[in-house]
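Let me begin by presenting the structure, written as structure tokens, before commenting on it.
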There are 2 protein chains.
Amino acid sequence: MTGKRLSKEQRHQTLLQKLEENPLLTDEQLAKELGVSIQTIRLDRLALGLPEMKERAKNLASRALSGEHYPASLEVVGDLLYCEPGVGGLSRMVAEPGMSLTRYNVIRGHYLFAQANSLAVAVADAPHALTGSARVEFPHPARVGEVLMARARVLERRGRRFVVEVVTRVEEKAVFQGKFLILALDERTLAEGIFGMEGKATGDGREKDD
Amino acid sequence: MTGKRLSKEQRHQTLLQKLEENPLLTDEQLAKELGVSIQTIRLDRLALGLPEMKERAKNLASRALSGEHYPASLEVVGDLLYCEPGVGGLSRMVAEPGMSLTRYNVIRGHYLFAQANSLAVAVADAPHALTGSARVEFPHPARVGEVLMARARVLERRGRRFVVEVVTRVEEKAVFQGKFLILALDERTLAEGIFGMEGKATGDGREKDD
DNA sequence: CATTCCTTTATTACTAAGTCTTAAGATCTA
DNA sequence: TAGATCTTAAGACTTAGTAATAAAGGAATG
């Protein structure tokens, strides 16, 4: 498929590049893409000191896991560009077609909310935080393809409660603004499912300790 | 050495917890930690629908790679069970692991918002509607596996503005409540990107129609 | 031409961490 | 005591590799 056979040197370069693009390729897939046998790929990996796919996956996974001190990846919407816990932060998100209302390319409000909410939780200076309430406005619709920059400021902090203000802009135009009340929770509270008010939570008597 | 043998139920819980803490554990390690045989762990994973370690690693890796942009699809959130435009509606959503905060299985606020927002827009009696603003509260955390029933009522309608109230419950307990101001838009307004207030919108002359 | 060297491919044996199936004990319960 | 459920075991197969060894191919050179 790649037509002519490359030199070994070139193949090594291509290999490195392919793996950088997608570290989850197996030897078999690589062999197919480069038009050589699996064994050749193995030799190449050996020569270049590249680990096998399982290793690469595990490395990525554990990096993703450990890099989760400040809540970068997993369930955060938008890319956290900057975050100073307790002070403020910045998040970037590109409005994609999947986020839009039918026709018209208008981004659904909950995407903007999700980005802002993620950011607000991130800037709360606490290992675990939840949204308690929010007051939000969508002064202007955002559209597919636009770059949404959300900026958060912690307005005040009283004990375990943070008030965070988030404004999301496209260029200079605000498309979202809101105030979030974020509650910092300690482990016990979370684990027990009690939330601070109105007493019992699940009430199913599940107790785990370790 | 967890000492005494746990019940199956308890073991399942422990297993989930262990894997949440460290998804890269092999069956063998889990077996050792829980004091049962590997086969038992395999059966447990089968029963709980948990993939093998390689899969978990790959999933984590690819999620980390793709910057996990639109996560767990926020697009259509919840199943619309019933909807009477201009009056009210009902939406059901099962809280999935992908919606949760790491550890602790607490559902992120923006999923609740997304469900409620989707429903609020749906019950607005208009072909095209957008959220203008919202005031929301999360009186209680929701957890993975719970069934979230959102109920919407149109409180008032003035011209193109609807005020919709949404309350989401798990069993009888409210986990979300909010008021949405929904704006019904006509085709022209939407297509031109003008939103009702503050004059010009994008100003970049982008007009798309289909 | 044959030889030598390098690269590539093929073959075989082996591993980790699973899969799926069937079967045999152990334990609980009616 | 009998039946059902839970747990462990055993055997065959899978994927994506490691490692070692053998064989084939082309290109330059004496």
Side-chain angles (χ1 to χ4, degrees), chain A residues 1-66 204-208 210, chain B residues 1-66 97 145:
Chain A
M1 321 284 155
T2 343
K4 226 192 72 188
R5 209 61 142 262
L6 303 156
S7 81
K8 194 166 151 182
E9 181 69 15
Q10 287 176 305
R11 197 183 54 232
H12 281 188
Q13 288 310 313
T14 318
L15 187 62
L16 284 166
Q17 197 186 318
K18 294 249 178 229
L19 280 182
E20 194 150 357
E21 279 168 29
N22 181 5
L24 298 183
L25 291 169
T26 64
D27 288 356
E28 196 178 356
Q29 295 172 304
L30 289 165
K32 210 159 282 177
E33 291 208 38
L34 298 190
V36 293
S37 73
I38 288 193
Q39 284 75 7
T40 302
I41 296 293
R42 315 254 223 241
L43 286 175
D44 287 352
R45 274 203 299 104
L46 197 67
L48 295 168
L50 301 170
E52 61 175 295
M53 186 269 281
K54 293 170 201 165
E55 284 306 311
R56 298 195 297 268
K58 257 199 276 187
N59 290 346
L60 279 171
S62 54
R63 233 194 305 170
L65 283 173
S66 66
D204 64 343
R206 269 169 67 218
E207 279 150 52
K208 52 189 50 171
D210 43 0
Chain B
M1 299 298 147
T2 341
K4 227 192 72 189
R5 213 56 144 264
L6 304 155
S7 80
K8 191 164 150 180
E9 181 70 18
Q10 287 176 306
R11 199 181 54 231
H12 281 189
Q13 288 309 315
T14 318
L15 187 63
L16 283 167
Q17 198 184 319
K18 293 249 177 229
L19 280 182
E20 196 153 353
E21 278 167 30
N22 180 6
L24 299 183
L25 292 169
T26 64
D27 288 357
E28 197 179 355
Q29 294 173 303
L30 290 165
K32 207 158 283 173
E33 292 206 36
L34 299 190
V36 293
S37 72
I38 289 193
Q39 287 77 6
T40 302
I41 297 293
R42 316 256 223 239
L43 285 175
D44 288 352
R45 276 203 297 102
L46 196 68
L48 295 169
L50 301 171
E52 61 174 296
M53 187 269 284
K54 294 171 201 167
E55 284 305 312
R56 297 194 297 269
K58 256 199 280 188
N59 290 348
L60 279 172
S62 56
R63 244 199 290 177
L65 281 174
S66 67

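Each chain gets a letter, A, B and so on, in the order its sequence line appears, and its residues count up from 1. No hydrogens, no waters, no symmetry mates; every other heavy atom, side chains included, goes into these values.
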Please tell me if the side chains of [X] and [Y] come closer than 4.5 Å, counting only heavy atoms from C-beta onward.
X: Leu16(B); Y: Leu50(B); result: yes
X: Arg11(B); Y: Leu15(B); result: no
X: Met53(B); Y: Lys58(A); result: yes

**OP:** Choose from dA17(C), dT9(C), dT18(D) the nucleotide whose nearest atom is closest to any side-chain atom of Val36(A).
**Re:**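 Closest nucleotide among those given: dT9(C).
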Whole-Å distance separating the [atom1] atom of [X] from the [atom2] atom of [N]:
X: Asp44(A); N: dC6(C); atom1: CG; atom2: P; result: 17 Å
X: Asp27(B); N: dT19(C); atom1: CG; atom2: C1'; result: 11 Å
X: Arg42(A); N: dA16(D); atom1: CZ; atom2: C1'; result: 7 Å
X: Glu52(A); N: dG18(C); atom1: CD; atom2: P; result: 14 Å
X: Glu28(A); N: dT18(D); atom1: CD; atom2: P; result: 14 Å
X: Gln39(A); N: dT11(C); atom1: CD; atom2: C1'; result: 9 Å
X: Leu50(B); N: dG18(C); atom1: CG; atom2: P; result: 12 Å
X: Leu43(B); N: dA26(C); atom1: CG; atom2: C1'; result: 15 Å

Original post:
Taking for each residue the nucleotide of DNA chain D with the nearest heavy atom, is it Lys58(B) or Ser37(B) whose nucleotide lies nearer the 5' end?
Top reply: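 That would be Ser37(B).
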**OP:** May I ask you to say what Arg56(A) touches in the nucleic acid, namely base, sugar-phosphate or nothing, with a heavy-atom cut-off under 4.0 Å?
**Re:**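 Touches nothing.
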Subject >> Any Thr40(B) side-chain nitrogen or oxygen under 4.0 Å from OP1 or OP2 of dT7(D) >> reply: no
**OP:** Verify the contact: side-chain N or O of Arg11(B) to OP1 or OP2 of dT7(D), cut-off strictly under 4.0 Å; return yes or no.
**Re:** yes
**OP:** Report, as yes or no, whether the 6.0 Å neighbourhood of atom CD on Glu55(A) holds more than 12 heavy atoms from other residues, nucleotides or ligands.
**Re:**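 Enclosed.
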